[in-house]
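Okay, so here's the structure we're looking at.
Only heavy atoms go into these numbers, but all of them, side chains included; no hydrogens, no water, no symmetry mates.
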Amino acid sequence: LAEQQDSDLLLFGQCDVDQDQPMTVGQSYVAEASISTVGSTTTRDGSRLDNIDVVVRIRDAADTAVGSVTSRYLFKRGR
């Protein structure tokens, strides 16, 4: 899934932002990223479309959840 060939196309699929608490200028935050979903489908033209979801969780200095950002990346594989 992670390997990209010259004939492949990286697409940015979607971005969801969930904010639990306001973020204050000048404060420190901790971000932790993880891969939540990996999948693959076949398109109508027969090429493969791989997807990967990356979730970044943000916490403040008191370890309180501030929010998260989920990004979906799509890889259209060449034929």
Check your understanding: Run the side chain to side chain contact (heavy atoms under 4.5 Å, CB included) check on Asn51 and Val38 step by step: do they pass?
Key -> CA-CA 6 Å; Asn51 65 283; Val38 175; over 6 Å; no

Check your understanding: Between Asp50 and Ser40, what is the shortest heavy-atom contact and its length?
Key ->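 Nearest heavy atoms, Asp50 then Ser40: OD1-OG, 2.6 Å.
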
Check your understanding: Any idea which heavy atoms bring Val66 and Pro22 closest together, and the distance?
Key ->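 What the structure gives for the nearest pair is CG1-O, 4.5 Å.
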
Exercise for review: Examine Val17 and Ile58 and state if one hydrophobic cluster contains both, with Ile, Leu, Val, Met, Phe, Trp and Tyr joined whenever side-chain heavy atoms are less than 4.5 Å apart.
Suggested key: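 No: no chain of side-chain contacts under 4.5 Å links Val17 to Ile58.
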
Check your understanding: If you round to the nearest 0.5 Å, how far is CZ of Arg57 from CG of Asp20?
Key ->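 Between atom CG of Asp20 and atom CZ of Arg57 there are 11.0 Å.
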
Review point. Less than 4.5 Å apart, any side-chain heavy atom of Met23 and any of Tyr29?
Key: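 Met23 vs Tyr29: side chains touch.
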
Check your understanding: Heavy atoms, side chains only, cut-off 4.5 Å: are Gln21 and Asp60 in contact?
Key ->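 Result no, sub-4.5 Å side-chain heavy-atom pair not found.
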
Review point. Mind checking what makes salt bridge (Lys or Arg N to Asp or Glu O under 4.0 Å) contact with Asp6, not counting sequence neighbours?
Key: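 Asp6 satisfies salt bridge (Lys or Arg N to Asp or Glu O under 4.0 Å) with no residue once adjacent residues are dropped.
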
Point to revise | salt bridge (Lys or Arg N to Asp or Glu O under 4.0 Å) between Lys76 and Asp8, intermediate numbers included | key: CA-CA 6 Å; Lys76 185 172 183 182; Asp8 297 341; over 6 Å; no

Practice item. Check for a donor-acceptor pair, side chain of Thr42 on one end and backbone N or O of Gly46 on the other, with a separation under 3.5 Å. Key: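 It does not hold such a pair.
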
Name the atoms and distances for all side-chain donor-acceptor pairs under 3.5 Å in residues 68-75, with sequence neighbours left out.
unit_1 : atom_1 : unit_2 : atom_2 : d
Arg72  : NE     : Asp53  : OD1    : 2.7
Arg72  : NH2    : Asp53  : OD1    : 3.4
Arg72  : NH2    : Asp53  : OD2    : 3.0

Point to revise | Greater than 12 external heavy atoms within 6.0 Å of Ile35's CD1 | key: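 No.
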
